[in-house]
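First listed ligand is number 1; within each ligand, the first listed atom is number 1.
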Amino acid sequence: MQSLLIKGGVPLRGEVQISGAKNAALPLMAATLLTDEPCVIRNVPELSDVKFMGRILQSLGAEVEISGNTVRVHARKIKSVGDYELIRQMRGSVCIMGALLGRLRRATVSLPGGCVIGARPINLHLKGFAALGAKIAIEAGYVNVTAKKLSGAEVFLGGRAGSTVLGTANVMMAATLAEGVTTIESAACEPEVVDLADFLIAMGAKISGAGSPTITITGVKKLHGAEHEVIPDRIEAATYAIAAACTNGSVVLRGARADHMHAILDKMRESGVKVERSGTSLHISRKGKLKPVDITTLPYSGFPTDAQAQMMVLMALTPGISIITERIFEARFMHVSELARLGADIEIEGPSAIVKGGKPLSGAPVMASDLRASAALVIAGLAARGTTEVQRIYHLDRGYENIDGKLRALGARIQRVDAK
Ligand code: EPU
């Protein structure tokens, strides 16, 4: 197992290229199963989750070639039963269900379990499939979804925490090959859903309204191959922006989509961070003193849960009291106890974390529990005095392309080592 050793206290300076979005790339790869023709996806980040998704598609019979940032998939002939162990290991793989159901009218995949950030049910995905006419059964740990006929329907995907991102992706994919018109109400509005819709449209699907809470899909008989470029990763961009602010640095994010980052950039400005936009670049630097802010995570276009842990580090460095309320995943505060090892003073009160900021952080060995918690620990290590060892960095490699290389290029003293 590898760790990252970080000698903190160096302000990050320079430029960093933002990679393609992991959470767009995974559903896009799943969507290639909807056609028997070849598809090409470009600007795919080099991540272990992407390789994993490639293996899942291969296990279904697709030819997959991953070369640098380009993924080619040819799902000429595929089967409907996914590899139990492979699928169970990656929550994001749940979106192969909608593609298999659309193309083959059946899908058998292992029921994704909960994970460290919360329960992660798929009841809304299944409700959507059922509305299209699918029968659903859970047997021996598998979800079996079968439909003699898929028919367009009105589907409401609102849940207790708002809509569902992968649920919307799943129902949208299945509906592209259903008979008639499907309307998804309370659809997720995340840019990753829009990216998927754009790819499906390039494949011949008829979709309107993606990016709004009402998506309309008119089923077609067949989809064809297409090429697509993945949108930039707004969470990776947010992570580097927060790291720049936390180290009192000055960093240009190249290829970031500021229009996908309104809530994050707004809160950063409110915290006293300078954000300048120039074309497709964002320049992040500090102006004056940091100010405490309060944040509630919400579905897009609200503040994303995936940037909550990183933002908590900025709050820990800011004198005064800041509050984060987590409304998407109930257990997403695993980083709090690890940040405490560096000296952060944070209390959890129900769904809120109360951050009493301004105390200096000092390096310590810490253990990453999930992807974004790991990113927060790296940022904290960069801002802390002394050395921080972030253990179990396989979480980071799931979602951040070459994070140590990118940070080193910004001047960070960071090294990947084999853990003892
Ligand atoms: N939910 C239900 N029922 C469902 C589905 C979801 O109650 O059937 C609830 C969830 O428990 C949660 C909320 O709805 O409270 C939102 O979950 P959502 O379904 O939107 O999450 P997801 O689609 O499974 C994606 C990202 C996550 C990101 C969330 C929220 C991918 C591969 N994953 O998950 O990314 O946090 O949307 O934006 O796209 C990450 O990148 O670190 C990550 C966890």
Ligand 1 to Leu124 polar contact by distance, N or O atoms, under 3.5 Å: yes
Minimum heavy-atom distance between Leu377 and Leu339, given as atom pair plus value: CD2-CD2, 3.9 Å
Over 12 foreign heavy atoms within 6.0 Å of CD, Glu85: yes
For Ala161, the ligand 1 atoms whose distance to one of its heavy atoms is below 4.0 Å: 13 (C), 15 (O)
Residue pair Ser163 / Thr168: nearest heavy atoms and the distance that separates them: OG-OG1, 3.6 Å
Atom indices of ligand 1 within 4.0 angstrom of Arg120 heavy atoms, with elements: 22 (P), 24 (O), 27 (C), 34 (O), 44 (C)
Arg398 side chain near Ser48 side chain, heavy-atom distance below 4.5 Å: yes
Residue, atom name and distance, where the atom is the protein heavy atom closest to atom 42 (O) of ligand 1: Arg372 NE, 2.9 Å
Proximal atoms of ligand 1 relative to Ile122 (non-hydrogen, under 4.0 Å): 4 (C), 8 (O)
Tyr300 side chain reached by Glu192 side chain, heavy atoms, under 4.5 Å: no
Proximal atoms of ligand 1 relative to Asp306 (non-hydrogen, under 4.0 Å): 27 (C), 28 (C), 35 (O), 36 (O), 40 (C), 41 (O), 42 (O), 43 (C), 44 (C)
Arg91, portion touching ligand 1 at heavy-atom distance under 4.0 Å: side chain
Which residue and heavy atom of the protein sit nearest atom 14 (O) of ligand 1, plus the separation: Ser163 O, 4.0 Å
For atom 23 (O) of ligand 1, the protein heavy atom that lies nearest, with its residue and separation: Leu166 N, 2.8 Å
Lys22: numbered ligand 1 atoms lying under 4.0 Å from its heavy atoms: 40 (C), 41 (O)
Inter- and intrachain pairs under side-chain hydrogen bond (donor to acceptor under 3.5 Å, both in side chains), touching residues 99-110, at least two apart: Ser80-Arg106, Thr108-Asn144
For atom 17 (O) of ligand 1, the protein heavy atom that lies nearest, with its residue and separation: Phe329 CZ, 3.9 Å
Full working for side chain to side chain donor-acceptor pair (under 3.5 Å) between Asn23 and Glu190: CA-CA 10 Å; Asn23 289 348; Glu190 271 70 2; over 6 Å; no
Option whose closest heavy atom lies nearest to atom 7 (O) of ligand 1, chosen from Ala373, Pro121, Gly159: Pro121
Protein contact to atom 3 (N) of ligand 1 [nearest heavy atom, distance to 0.1 Å]: Asn123 OD1, 2.7 Å
Per-atom contacts of ligand 1 with Leu371, taking only distances under 4.0 Å to non-hydrogen atoms: 42 (O)
Atom 19 (O) of ligand 1 - nearest protein heavy atom and its distance: Thr164 OG1, 2.6 Å
Close approach of Arg332 to ligand 1, heavy atoms, under 4.0 angstrom: yes
N/O separation below 3.5 Å, Glu190 to ligand 1: no
Close side-chain approach of Ile321 to Asp294, heavy-atom, < 4.5 Å: no
Sub-4.0 Å atoms of ligand 1 with respect to non-hydrogen atoms of Thr305: 30 (C), 36 (O)
Tyr300 contact mode with ligand 1 (heavy-atom cut-off under 4.0 Å): neither
Minimum heavy-atom distance between Thr32 and Leu57, given as atom pair plus value: OG1-CD1, 3.9 Å
Within 6.0 Å of CZ in Arg416, more than 12 heavy atoms from elsewhere: yes
Arg160 and ligand 1 - part of the residue with a heavy-atom distance under 4.0 Å: side chain
Name of the residue among Lys22, Arg372, Lys406 meeting salt bridge (charged side-chain N to carboxylate O under 4.0 Å, His left out) with Glu236: Lys406
Step-by-step side chain to side chain donor-acceptor pair (under 3.5 Å) determination, Ser352 to Thr325: CA-CA 4 Å; Ser352 299; Thr325 304; 2.9 Å; yes
By side chain to side chain contact (heavy atoms under 4.5 Å, CB included) - contacts of Arg76 (at least two apart): Glu63, His74
Backbone or side-chain N or O of Ile328 under 3.5 Å from ligand 1 N or O: yes
Value rounded to 0.5 Å, distance of OG1 in Thr388 from CG in Leu361: 8.5 Å
Top protein contact for atom 25 (C) of ligand 1, by heavy-atom distance: Val165 CB, 4.1 Å
Nearest protein heavy atom with distance in Å, relative to atom 32 (C) of ligand 1: Asn23 OD1, 3.3 Å
